[in-house]
Amino acid sequence: MATFPQPKTRKDRGVRKIFCMPVEGGEGSCIITPSPLQCDTRFPREQETLKNHFYFTDFERHNAEIAAYHLDKLLGFRRAVPTVGRNVNITRELYALAQGDLLKTFFISPDNNLCFHGKCSYYCDTAHAICGSPDMIEGSFAIFLPGKEAAPRKVWRHPWRRGYHKRRKAQWEVDDEYCELVKEVHPYNEGRRLLDLMDMAVLDFLMGNMDRHHYETFKMFGNYSAPLHLDHGRGFGKAFHDEISILAPIYQCCLIRHSTLATLLRFQNGPQRLSEAMRVSMSADPLNPILWEPHMRALDRRVNIILQIVRECINKSVDPVHVVINDFH
Ligand SMILES: Nc1ncnc2c1ncn2[C@@H]1O[C@H](COP(=O)(O)OP(=O)(O)OP(=O)(O)O)[C@@H](O)[C@H]1O
Ligand SMILES: [Mn+2]
């Protein structure tokens, strides 16, 4: 059995990311990479994406990372890194281990709480600090993937990436024939990858994640491996709005994996709805409840929407076998 090197130095010890927020009231999430550290301002569970914010200025939510892991698992993908919530003592568990640039960003706020903001290109300053109460904070912890040496990864630009610009649109947003182009190019012209993107669209639509700019695969498996589902801090931002454009890969290509369709039908028809399955699964997390109730209702509503779109694809297709693909995954 392969073993991966354990972190040795203080610098690379510990969990890859902590999306955190104060235990009481307050706001806040941050991502701790070993170094540097990135952070954003914080939110309580019922905080929606701010109305005048874009998907790319939305703040990250630590509980979205946890919920996304459970959702990915229930959908049968198991492509998201196991992620769990817990309370962290900033003094003992972060400050005591911090070094260098990260260490310099810790301070005591006027309200006598221990805060830090880390170092990153934006939102890492005193005004956007993460503060404990007085030094306890909620965090989400993801299993640290093996490093570059043990298991190198390849980063791919997502073909349905958004424009990440306040005015400009991406090609797929203006060209309904876009999928025909994607289907022609490697690695989408053969193998499992295009269907994996359909799975990713299902996952992202269910949680309302519009922030899928890149994805990664393990190089050692070549193109026979599923993309990793990483970076879900911007999921679960709008419980009352269903962002249909996240399903563009599915309605533009009219494709879905048979096993994924079967899973969605099971969540629609019972015995257990997706929201119930999520409730049971997330009840094991120390920070339960993880999601605000309206997000749970949104999950069931969105299952129906995906199935409706697949139905429309089947109805307009010459033969349903071109829409629902059984590739035995
Ligand atoms: N569990 C993990 N173990 C190891 N590395 C990880 C893990 N999760 C994410 N990473 C790596 O850390 C980097 C940042 O992660 P992530 O995308 O979640 O953060 P981000 O702040 O949203 O980044 P971006 O601005 O690129 O979207 C990525 O390059 C990813 O490869
Ligand atoms: Mn991101």
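Order of appearance sets the numbers: ligands from 1, and atoms from 1 within every ligand. Any value given below was found using the heavy atoms of this structure, including those in side chains, with hydrogens, waters and symmetry copies removed. Residue numbers run from 1 in the order of the sequence given.
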Validation row, ring centre Tyr164 to ring centre Tyr55 under 6.0 Å:
yes
Mind telling me whether Phe106 and Phe116 have parallel, tilted or perpendicular rings, with 30° and 60° as the class edges?
parallel
When clusters are formed by joining ILVMFWY residues with side-chain heavy atoms under 4.5 Å apart, either directly or through shared neighbours, do Val324 and Leu197 land in the same one?
yes
Name the orientation class of the two ring planes belonging to His232 and His229 (parallel below 30°, tilted from 30 to 60°, perpendicular beyond 60°).
perpendicular
Please state whether His214 comes within less than 4.0 angstrom of ligand 1, counting heavy atoms only.
no
Checking ring-ring contact (aromatic ring centres under 6.0 Å, His included) for the pair Trp292/Phe236: CA distance, chi angles, key distance, verdict?
CA-CA 9 Å; Trp292 189 37; Phe236 299 101; over 10 Å; no
Minimum non-hydrogen distance to atom 1 (N) of ligand 1, winning option of Leu145, Leu230, Asp231, Ile143
Ile143
Show the atoms of ligand 1 that are less than 4.0 angstrom away from any heavy atom in Glu216.
28 (C), 29 (O), 30 (C), 31 (O)
Mind counting the protein N, O or S atoms sitting less than 2.8 Å from the Mn ion (ligand 2)?
1
Take every heavy atom of Arg153, measure it against each atom of ligand 1, and state whether any distance is under 4.0 Å.
yes
Give the atoms of ligand 1, by number and element, whose distance to some non-hydrogen atom of Phe144 is under 4.0 Å.
3 (N)
Checking salt bridge (charged side-chain N to carboxylate O under 4.0 Å, His left out) between Asp204 and each of Arg302, Arg212, Arg161, which is the one that passes?
Arg212
Looking at Ile66, Thr49, Leu291, which one forms a side-chain contact (heavy atoms from CB on, under 4.5 Å) with Arg61?
Thr49
Whether Trp156 and His186 hold their rings parallel, tilted or perpendicular, with breakpoints at 30° and 60°
tilted
